[in-house]
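This structure is a prediction, so every number in the text was calculated from the model and none was measured. Labels below follow one simple rule: chain letters A, B, ... track the order of the sequence lines, proteins then strands, and each chain is numbered from 1. Values below: all heavy atoms of this structure, side chains included; hydrogens, waters and symmetry mates excluded.
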Amino acid sequence: MVWNFRSDLPIYSQLIEQIKLGIVSGSFLPGERLASVRDMAMEAGVNPNTMQRALQELEREGMVYSQRTSGRFVTDDMRVIGHAKQRFAEEQIRSFLTAMEKLGYTRGEILTMLEEKETEHDNT
Amino acid sequence: MTILECRELSKRFGAVQALDSVNLNIEPGRVIGLLGPNGSGKTTLLKLANGLLTPTGGEILIDGEAPGKRSRSLVSYLPDKPYLAEWMKVRQLLDFFEDFYADFDRDRAMEMLLRLNIGEDMRIKEMSKGTREKTQLILVMSRKAKLYLLDEPIGGVDPATRDYILDTIIRNYNPEAAVVISTHLIADVEQVLDDVIFIDKGRIVLQSSVDEIRGEKNMSVDQYFREVFRC
């Protein structure tokens, strides 16, 4: 997994987003055991306390869970993963629409363009 | 439980006020960046913590006591200048550290050195600058100390060596110990820090967590530092 950090947001919140994205996109599989906090921190090149904080937050959200003796695991609840995925998708659509509206396109025009793109795709 | 405490700590060199009424508390389990421009007092503060200098005012306490025999067993210090004898072999260095420090873990040091292909028979003078820096850091981090004071551990090394050094600091993270990293290369260390201390002209101008700064200012610590210290 490749870790990238923006400079204008707290690192822990970016860790949360990136791990979540890893879960919904399959970089982390449902039910998979996660590496130790220290190893994950080393891989991402971040402070272990920050990684710990991010994982605790993900636990609160139900994306990962801890088992006292055997470590931390990705949730195997597909509903939770599905919801998270949907939120990412909505966010993508929102930012796409904002960008297109900034360029001066109306919703109708955007829809037409998308449909044209889709048929173009079918033909190739 | 505070591992390092400064109360109204001051240090004057002749006409120069190197540190001016510094108040500071450092807790175990944190990785702290001591950040400031050149000549701001970083090295002076670390030397005071090691008992290499004595305060002209106020006090500095390591685990509740002034620096002395006991504090030397708690503090592992990486000076800003090379200090290992040129003629020494790695084996002699390991002996040296083992003799001086009861908390030195020789096996751990050896394991880290071997991973870098630094053999016991290698002499300091045969090493490149980057290899020397890595060797020094490995020795310092192989002690089971309560407080690690690293003065410019990444100054003047290439990016791969810098990554190795930061990796080593994370790998050795211990919730019962504090790590203080003094540097002006903020962008490079920012991600491994819990907290930062900004120091300027001998005064502490800010003590905060990295994520607080990023969350409140919407900029990186590096960007914020440039704003605070704009010339």
| request: Say whether, by atom type as modelled, one donor and one acceptor occur between the side chain of A:Ser27 and the main chain of A:Ile23 under 3.5 angstrom. | output: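 Not at all, since once roles are kept as given, no pair shorter than 3.5 Å links the two residues.
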
| request: For the pair A:Thr75 (side chain) and A:Asp77 (backbone), establish whether a donor and an acceptor sit closer than 3.5 Å, ignoring hydrogens and angles. | output: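 Yes; at least one donor-acceptor contact below 3.5 Å.
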
Between chain B and chain A, which donor-acceptor pairs sit under 3.5 Å apart?
residue	atom	partner	partner atom	Å
A:Arg6	O	B:Arg214	NH1	2.9
A:Ser7	O	B:Ser220	N	2.8
A:Ser7	OG	B:Gln223	NE2	3.4
A:Leu9	O	B:Arg214	NH1	2.7
A:Ile11	N	B:Asp211	OD1	2.7
A:Tyr12	N	B:Asp211	OD2	3.2
A:Arg38	NH1	B:Arg171	O	2.6
A:Arg38	NH1	B:Tyr173	O	2.8
A:Arg38	NH2	B:Tyr173	O	3.1
A:Gly45	O	B:Gln191	NE2	3.3
A:Asn47	N	B:Gln191	O	2.9
A:Asn47	ND2	B:Val192	O	2.8
A:Asn47	ND2	B:Asp194	OD1	3.4
A:Asn47	ND2	B:Asp194	OD2	3.0
A:Asn49	OD1	B:Tyr173	OH	2.9
A:Asn49	ND2	B:Gly29	O	2.8
A:Asn49	ND2	B:Tyr173	OH	3.3
A:Asn49	ND2	B:Asp194	OD1	3.1
A:Asn49	ND2	B:Asp194	OD2	2.9

| For B:Val221, is it the side chain, the backbone, both or neither that has a heavy atom under 4.5 Å from a heavy atom of chain A? |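 It is neither, since no heavy atom gets under 4.5 Å.
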
| field | Per-residue contact mode, B:Leu193 against chain A (heavy atom under 4.5 angstrom) | value |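 It is the backbone, since no side chain atom gets that close.
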
| Side-chain donor-acceptor contact under 3.5 Å, A:Gln67 with A:Ser70 |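 On atom types as modelled, these side chains qualify, holding a pair under 3.5 Å.
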
| Minimum side-chain heavy-atom gap B:Leu35-B:Ile197 below 4.5 Å |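 B:Leu35 does not reach B:Ile197 side chain to side chain.
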
| Is it the side chain or the backbone of A:Leu9 that comes within 4.5 Å of chain B heavy atoms, both, or neither? |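 Looking at A:Leu9, just its backbone touches chain B.
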
| task | Please indicate whether A:Tyr65 has more than 12 foreign heavy atoms, meaning atoms of other residues, nucleotides or ligands, lying under 6.0 Å from its OH. | result |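 Above 12, so yes.
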
| message | With a 6.0 Å cut-off (strictly less than), is the heavy-atom count around OH of A:Tyr105, excluding the residue itself, greater than 12? | response |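 Open: at most 12 neighbouring heavy atoms sit under 6.0 Å from OH of A:Tyr105.
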
| query | If you take all heavy atoms of A:Val74 and A:Pro30, which pair is closest and at what distance? | reply |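 Of all heavy-atom pairs spanning A:Val74 and A:Pro30, the closest is CG1-CA, 4.0 Å.
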
